[in-house]
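Every chain is numbered from 1, with letters handed out A, B, ... down the list of sequences. Any value given below was found using the heavy atoms of this structure, including those in side chains, with hydrogens, waters and symmetry copies removed.
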Amino acid sequence: MIELSGVHKSFGAHHVIRGFAATIAKGEVVCVIGPSGSGKSTILRCINGLEGYDRGDIRVDGTRVDRDHRSIRTVRMQVAMVFQRFNLFPHRTALENVVEGPIFVKKEPRADAIRRGRALLARVGLADKERAYPGALSGGQQQRVAIARALAMQPKAILFDEPTSSLDPELVGEVLAVMRSLAEEGMTMLVVTHEMGFAKEVADRVLFLDDGVIAEEGRARDLLTNPRNPRTQDFLRRVLHPM
Amino acid sequence: MHRFLTDAIEFMPILLLGVKNTILVTLGSLVLSTVLGMLWALMRVSGIRALAALAVVLVNVIRGIPIIVQLFYIYFVLPDFGITLSALQAAIIGLGIAYSAYQSENFRAGIEAIERGQIEAAHSIGMGWTLTMRRVVLPQAIRIMLPPYGNIMIMMLKDSSQASTITVGELALQGKLIASSTFKNTTVFTLVAALYLVMSVPLMVLVSWLERRFGRK
């Protein structure tokens with residue numbers, strides 16, 4: 001579904017991604033963990049072309065990701081993205097945010113898009129908020145609207161870029177619950193996260209990214225409970241026991 | 001006071017003719033400057049280097065030449081190249097072009113104030129440049145652009161008086177003609193000033209209405 005091989009990316013002199021290679025199969029849930037600055041978000045952003053990459057190859061369902069080519073719009077419709085800071089459109093209601101893509105990008109009939117949009121809002125537990133503007137919603141609610149907006153494009157996969165990192169702790173659970181239900185329904189998901197509990201429970205696989213390369217990867221439970229690489233051990237110790 | 005009123009009644013028809021031309025020049029050049037200004041601003045943020053550079057050059061050339069010289073150029077020089085315009089047309093085009101530079105800088109500031117994340121979110125649902133601008137960036141940017149836009153409108157109303165230099169019989173010129181033939185400077189120019197003030201009030205009301213209309217969330 002998503003294949004990356006030998007991906008390199010620099011910001012100026014800063015070599016962020018140093019030969020990243022991974023394959024995400026259809027229906028798989030993969031979590032990417034690692035220290036900040038390790039290139040986790042950058043990899044995600046390269047997959048749907050929000051960033052370009054310098055070398056290597058990224059393919060979505062066989063199509064090469066090239067942000068300067070028109071095909072990027074098709075790739076983006078297939079691989080939706082959920083952002084750390086939600087990035088909802090503040091001038092549109094929750095429902096309008098959700099139906100924006102279907103109506104204006106996919107040119108779906110308005111009535112169909114609205115019907116589906118309402119169903120999606122209900123699915124993320126926000127049926128009663130369709131007329132609310134993002135500014136009137138809590139962070140957790142905004143992120144759930146953002147997930148509904150991503151789902152509205154009927155993507156083949158969803159990229160989550162630290163979806164709970166800017167939420168108050170008590171709001172994290174409601175977003176993770178929605179993500180878990182998506183995983184259970186077989187959605188292909190690539191999740192950059194610091195929520196080790198979620199990774200352990202929901203992910204099929206975990207990639208530990210350190211300094212732009214995968215330092216360790218494995219089945220979620222194995223890697224998180226029994227890391228082999230000393231860097232992974234050190235990272236997990238500090239995340240799980242910050243004191 | 002009685003004298004002032006009888007004079008005022010006598011001069012008013014001539015001044016109102018000027019008011020009509022002032023309104024024509026202002027509205028015409030407002031529309032033209034808005035369209036051109038938006039064009040320059042969109043070129044500037046298009047991400048296409050040649051277009052952006054062209055917009056920078058255009059805006060700076062336009063900004064760097066006094067309005068009055070631009071008007072002279074369009075009205076007195078263009079006929080040498082076979083383009084003959086009426087004074088009113090020349091005034092609308094000249095002021096429209098001159099003010100497009102200021103409009104453009106205002107529009108660009110509004111567009112650039114929109115968070116990067118908004119554009120990324122638009123891209124992430126498959127929107128291209130045009131759709132991103134139309135559906136995401138501009139509707140949010142308008143709120144930022146409106147207060148300075150209102151200012152520009154009022155400045156344009158007042159600067160329409162520069163059209164008098166190329167013989168457009170707008171309010172200031174009509175006033176000057178009456179004053180120089182009657183020597184009633186106080187009466188005439190008080191009336192002229194009052195008429196400009198009266199015309200700017202609806203603009204101010206319009207701007208505050210627009211701000212409320214687009215400002216609500």
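- Using a 4.5 Å cut-off on side-chain heavy atoms (C-beta onward), H123(B) and M81(A) make no contact.
- Using a distance-only test at 3.5 Å, with no hydrogens or angles considered, no donor-acceptor pair links the side chain of N87(A) to the main chain of Q118(B).
- At least one side-chain heavy atom of S124(B) sits under 4.5 Å from a side-chain heavy atom of F83(A).
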Problem set entry | From CA spacing to verdict: salt bridge (Lys or Arg N to Asp or Glu O under 4.0 Å), R45(A), E120(B) | CA-CA 10 Å; R45(A) 293 164 58 81; E120(B) 291 186 347; 2.5 Å; yes

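- For L88(A), the part sitting under 4.5 Å from any heavy atom of chain B is the backbone (N, CA, C, O) and nothing else.
- Pairing each heavy atom of M77(A) with each of G126(B), the nearest pair is CG-CA, 4.1 Å.
- F89(A) is not listed as a side-chain neighbour of R135(B), based on a closest heavy-atom distance of 4.5 Å or more.
- No more than 12 heavy atoms of other residues, nucleotides or ligands lie within 6.0 Å of NZ in K20(B), so this atom counts as exposed by the packing criterion.
- Only the side chain of R92(A) comes within contact range of chain B, with heavy atoms under 4.5 Å apart.
- Environment of CZ in R55(A): sparse, with no more than 12 heavy atoms of neighbouring residues, nucleotides or ligands closer than 6.0 Å.
- Environment of CZ in R123(A): crowded, with over 12 heavy atoms of neighbouring residues, nucleotides or ligands closer than 6.0 Å.
- Under a cut-off of 6.0 angstrom, the local environment of CZ in F11(A) is crowded, with over 12 non-hydrogen atoms contributed by other residues, nucleotides or ligands.
- Heavy-atom neighbours of R64(A) CZ from other residues, nucleotides or ligands within 6.0 Å: above the threshold of 12.
- When every heavy atom of I125(B) is checked against every heavy atom of R149(A), the shortest pair comes out as CG2-CG, 4.2 Å.
- The number of heavy atoms from other shown groups lying within 6.0 Å of CZ (F76(B)) is above 12.
- Between H91(A) and P139(B), the shortest heavy-atom distance links the atoms CD2-CB, 3.5 Å.
- Per-residue heavy-atom pair counts under 4.5 Å with chain B were compared for R85(A), E100(A), K106(A), and the maximum is reached by E100(A).
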